[in-house]
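Reading through the structure tokens given below for one structure.
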There are 2 protein chains.
Amino acid sequence: MKTSTSTSKPSAKYHHGNLRQTLLAAAKQMIAADGIESLSLRKLADKVSVSRTAAYHYFDDKNDLLCAIASDGFRQWQQLLKQSEQQNQTERQKFEQYLINYMVFATHHPEEYELMFGRCIWKQAQCTEELQTIAHGTFQHQVEMMAYWQSIGLVAGDNPLRTAQIIWGTLHGIAKLFIDGVYVDDTRAEEIVKSALPMFLVPKD
Amino acid sequence: MKTSTSTSKPSAKYHHGNLRQTLLAAAKQMIAADGIESLSLRKLADKVSVSRTAAYHYFDDKNDLLCAIASDGFRQWQQLLKQSEQQNQTERQKFEQYLINYMVFATHHPEEYELMFGRCIWKQAQCTEELQTIAHGTFQHQVEMMAYWQSIGLVAGDNPLRTAQIIWGTLHGIAKLFIDGVYVDDTRAEEIVKSALPMFLVPKD
DNA sequence: CCAGCATTTTGACAGTGTCAAGATTGATTG
DNA sequence: CAATCAATCTTGACACTGTCAAAATGCTGG
């Protein structure tokens with residue numbers, strides 16, 4: 001799961017080999033441990049036993065590095081989605097599974113999730129071309145799924161884009177309130193999502 | 001609306017008079033203009049024509065100052081709520097107005113909103129006692145309103161807390177996706193909320 | 001073996017939050 | 001009224017940050 005040269009061996013080689021991957025892996029590990037805010041390029045360089053500015057050969061910016069992590073996050077999410085779609089269940093089950101997957105992914109990778117959908121990258125700091133395209137693809141896919149679920153009479157509404165925005169908004173909001181620590185009671189995010197599920201469905205008879 | 005000594009006159013007095021208020025006002029103005037990220041205590045001090053560390057007499061921390069701004073935001077939100085509740089309309093209209101108010105407040109004061117519900121304060125950096133209590137009061141009020149709307153058969157569901165969490169989550173999610181610039185199409189947040197509204201209501205006959 | 005290139009480092013700079021110690025002032029006593 | 005005091009503000013300093021320019025290092029093909 002982890003490149004052998006990342007944390008264990010400094011390896012003392014001038015040419016590191018695959019520094020880019022090592023940096024990304026170490027950075028993910030660090031933000032998972034201490035949060036995005038407390039990630040500095042210098043501490044990252046220290047951890048990888050490399051100079052302060054070595055990362056600048058692979059990333060334009062700190063922002064560029066964070067964008068790369070976010071892109072990886074989207075790839076991971078897409079893979080999880082594809083994997084889940086292949087299981088043969090009823091469409092209703094697939095829909096429910098989609099909602100739960102979203103929640104599990106968000107709450108299990110809170111920092112990556114923040115990078116993927118948070119303000120840091122999308123707002124002021126412009127996001128990478130790569131990130132923009134992969135993110136847009138994910139949204140597109142989501143809208144298409146919604147259109148299909150509406151066409152077979154599972155999900156309510158007749159405007160897939162609008163419905164996707166609402167459902168995504170709901171998931172995103174619940175996820176963020178959890179991640180950011182606003183919901184302090186012991187309620188589980190998945191339970192809330194399961195409660196919200198019937199809202200989205202076409203009423204059964 | 002603005003204290004006269006804040007930006008116009010440096011006033012050159014050693015004892016500023018009401019530095020705390022001036023700092024808060026200037027800080028709000030700055031984050032409204034350039035975002036939270038680019039607010040520094042030094043630039044703030046410069047703007048108010050005061051020394052770098054003058055703010056430390058009124059705020060423990062940078063975090064403490066941000067908490068104070070967030071608290072003001074909650075007061076503002078509560079006032080808007082109270083004001084809106086006094087207009088005599090049908091309960092259905094009041095509920096719709098509540099949703100729209102939330103959206104308008106969030107999108108018109110994005111930076112304050114971020115401070116109120118964002119990770120900066122609630123997650124790692126511990127939030128002030130004051131902020132915690134005023135925020136908790138707001139949540140409580142929301143749950144009570146939800147309980148009432150459920151009791152008169154307007155809003156679906158029989159678990160006020162759960163329903164409040166879901167509706168709040170939806171509002172929060174849509175608001176944040178807008179604020180953070182993820183929704184790039186020209187759709188207006190209010191329209192989305194109006195589309196989502198029927199989801200929450202008890203079906204008419 | 002050496003020239004050229006990719007890769008990494010060193011030095012430097014401006015900016016940040018924050019602490020300790022000193023300077024200034026308005027208010028409160030004797 | 002004058003001296004003291006506490007509140008208020010400033011100066012100096014430190015560690016830390018991102019980032020640029022220039023130098024150093026090591027690999028690779030001729």
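Computed over heavy atoms, backbone and side chain alike; hydrogens, waters and symmetry mates excluded. Sequence lines set the chain letters: A, B, ... in the order given, protein chains first and strands last, and positions in each chain run from 1. Quantities reported herein were computed from a predicted structural model and do not represent experimental measurements.
Aromatic ring orientation, His136(A) versus Phe139(A): perpendicular (interplanar angle above 60°, classes split at 30° and 60°).
Separating the CE atom of Met30(B) from the C1' atom of dT16(C) is a distance of 13 Å, rounded to the nearest angstrom. Between the CG atom of Asp46(B) and the P atom of dG15(C) there is a distance of 11 Å, given to the nearest Å. We find that CZ of Phe59(B) is positioned 13 Å from P of dT18(C), with the value rounded to whole Å. Atom C1' of nucleotide dT7(C) and atom CZ of Arg20(A) are separated by 15 Å, given to the nearest angstrom. Protein atom NE2 of His57(A) is 13 Å distant from nucleotide atom C1' of dA24(D), rounded to whole Å. Rounded to an integer number of Å, the gap from OH of Tyr56(A) to C1' of dG11(C) is 15 Å. Nucleotide dT17(D) holds its P atom 15 Å from the NZ atom of Lys62(B), rounded to whole Å. Protein atom CG of Leu19(A) is 5 Å distant from nucleotide atom P of dT8(C), rounded to whole Å.
With sequence neighbours left out, Glu85(B) forms a side chain to side chain donor-acceptor pair (under 3.5 Å) with His141(B). Take Arg162(A) and apply the salt bridge (Lys or Arg N to Asp or Glu O under 4.0 Å) test, not counting sequence neighbours, and it matches Glu191(B). The salt bridge (Lys or Arg N to Asp or Glu O under 4.0 Å) test applied to Lys28(A) returns Asp72(A), not counting sequence neighbours. Partners of Glu111(A) under the salt bridge (Lys or Arg N to Asp or Glu O under 4.0 Å) rule, at least two apart in sequence or in another chain, are Arg119(B), Lys123(B).
Counting only residues at least two apart or in different chains, ring-ring contact (aromatic ring centres under 6.0 Å, His included) contacts with residues 48-74 of chain A comprise Phe74(A)-Phe117(A).
End-to-end axis angle of the helix from dC1(C)-dG30(D) to dG30(C)-dC1(D), from C1' rotation axes over five pairs per end: 20° (rounded to 10 degrees).
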Polar pairs (N or O, both sides) under 3.5 Å between protein and nucleotides 11-16 of chain D?
from	atom 1	to	atom 2	distance (Å)
dT11(D)	O4	Thr53(B)	OG1	3.0

Residues 142-149 of chain A, side-chain donor-acceptor partners within the protein, below 3.5 Å, at least two apart:
from	atom 1	to	atom 2	distance (Å)
Gln142(A)	OE1	Tyr98(A)	OH	2.6
Trp149(A)	NE1	Glu91(A)	OE1	2.9

Tell me which donor-acceptor pairs under 3.5 Å the side chains of residues 165-176 of chain B have, and how far apart each pair is, sequence neighbours excluded?
from	atom 1	to	atom 2	distance (Å)
Gln165(B)	NE2	Asp185(A)	OD2	3.3
Trp168(B)	NE1	Tyr102(B)	OH	2.7
Thr170(B)	OG1	Thr170(A)	OG1	3.1
Thr170(B)	OG1	Ile166(B)	O	2.9
His172(B)	ND1	Tyr113(B)	OH	2.7
Lys176(B)	NZ	Glu114(B)	OE1	2.5

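Comparing atom distances between the Ala54(B) side chain and each of dT19(D), dT8(C), dC9(D) picks out dC9(D) as nearest.
If you take CD on Gln93(B) and CD1 on Ile100(B), they are separated by 10.5 Å, rounding to the nearest 0.5 Å.
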